[in-house]
Amino acid sequence: MTKYLFQGNYVGEGIKGLMKEGGSKRRDAVVKALESVGGSLECFYYAFGETDVLGVLDVPDQPSAASLSLMINSSGAVNLRLTPLMTPEDLDAAASKTPSYRAPGQ
């Protein structure tokens, strides 16, 4: 499973729906959506300011994560951003590799 940070902003009818249903029902809807692709929710928070809702979720693969993002964003009620998260060990593995690269203009 890959962990993803999710950040979202409610827009238009999504704001009205959140006000009508409340926060816990929207969290339950996220859990149900994640379960439909074999994923799970680690944590879920509301905020105010630049981001309305954020948390961490586990998804089995990139196609499942992409399908969730596409479905949620296509609703027009939420603008969702997913960021894959790496463990310190993942970064250790990345730092031990030496890819070949030429910078522009060099």
Side-chain angles (χ1 to χ4, degrees):
M1 292 264 193
T2 301
K3 290 192 181 296
Y4 289 86
L5 169 68
F6 71 89
Q7 296 174 299
N9 292 311
Y10 290 96
V11 294
E13 293 299 315
I15 296 168
K16 293 177 186 176
L18 175 63
M19 291 173 62
K20 180 180 177 183
E21 294 181 21
S24 58
K25 286 187 180 179
R26 295 312 314 149
R27 181 197 55 217
D28 295 346
V30 169
V31 168
K32 202 168 192 179
L34 283 165
E35 288 173 348
S36 75
V37 297
S40 62
L41 183 64
E42 182 175 306
C43 62
F44 185 98
Y45 294 97
Y46 286 100
F48 53 89
E50 188 174 331
T51 301
D52 296 328
V53 61
L54 65 142
V56 176
L57 46 89
D58 291 300
V59 182
D61 51 52
Q62 289 182 340
S64 296
S67 70
L68 281 169
S69 179
L70 290 169
M71 183 57 64
I72 292 168
N73 282 313
S74 72
S75 74
V78 181
N79 288 331
L80 177 71
R81 295 175 310 284
L82 294 179
T83 304
L85 300 174
M86 297 187 310
T87 66
E89 293 76 17
D90 291 333
L91 192 57
D92 290 346
S96 71
K97 298 183 184 295
T98 52
S100 176
Y101 174 71
R102 181 186 61 76
Q106 293 184 356

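Everything numeric in this text was worked out from a predicted model, so none of it was measured.
- To the nearest 0.5 Å, atoms CD (Q7) and OG1 (T83) are separated by 5.5 Å.
- Note that the CG atom of L41 and the NZ atom of K32 stand 15.0 Å from one another [nearest 0.5 Å].
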### Query
Given the rule in the salt bridge (Lys or Arg N to Asp or Glu O under 4.0 Å) test, do E13 and K16 qualify, once you have shown the distances and angles that lead to the verdict?
CA-CA 5 Å; E13 293 299 315; K16 293 177 186 176; 3.3 Å; yes
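- Minimum heavy-atom separation, G38 to P60: O-CD, 3.7 Å.
- Within the 4.5 Å cutoff, no side-chain heavy atoms of V53 are placed close to those of R26.
- Judged by distance alone, with hydrogens and angles left aside, the side-chain atoms of N73 form a donor-acceptor pair with the main-chain N or O of L80 at under 3.5 Å.
- Within the structure, the salt bridge (Lys or Arg N to Asp or Glu O under 4.0 Å) test picks out no pair touching residues 97-106 (sequence neighbours left out).
- Judged by distance alone, with hydrogens and angles left aside, the side-chain atoms of D52 form a donor-acceptor pair with the main-chain N or O of Y10 at under 3.5 Å.
- Under the 4.5 Å side-chain criterion, counting only non-hydrogen atoms from C-beta, V59 is in contact with L34.
- When every heavy atom of L82 is checked against every heavy atom of S69, the shortest pair comes out as CD1-CB, 4.0 Å.
- Hydrophobic cluster membership differs between V11 and M19, with clusters built from Ile, Leu, Val, Met, Phe, Trp and Tyr side chains linked at under 4.5 angstrom.
- The cluster map of Ile, Leu, Val, Met, Phe, Trp and Tyr, joined by side-chain heavy atoms under 4.5 Å apart, puts L18 and I15 in the same cluster.
- Residues V78 and L54 are members of separate hydrophobic clusters, defined by side-chain heavy-atom contacts under 4.5 angstrom among Ile, Leu, Val, Met, Phe, Trp and Tyr.
- With S67 contributing its side chain and S64 its backbone, the two residues share a donor-acceptor pair below 3.5 Å.
- Taken to the nearest 0.5 Å, the OG atom of S40 stands 7.0 Å off from the NZ atom of K3.
- Cluster partners of L70 are absent, since no Ile, Leu, Val, Met, Phe, Trp or Tyr has side-chain heavy atoms less than 4.5 Å from it.
- The minimum heavy-atom distance linking N9 with E50 is given by the pair OD1-O, 3.0 Å.
- A heavy-atom distance below 4.5 Å is not found between the side chains of T51 and Y45.
- The structure places CD of Q106 at 8.0 Å from OH of Y101, a figure rounded to the nearest 0.5 Å.
- Note that the CD atom of E42 and the CG atom of L5 stand 11.0 Å from one another [nearest 0.5 Å].
- What you find for V56 and F6 is that their closest heavy atoms are N-CE2, 3.7 Å.
- For M1, the CE atom sits in a packed shell: over 12 heavy atoms of surrounding residues, nucleotides or ligands are nearer than 6.0 Å.
- Under the ring pair (Phe, Tyr, Trp, His ring centres under 6.0 Å) criterion, Y46 pairs with F44, not counting sequence neighbours.
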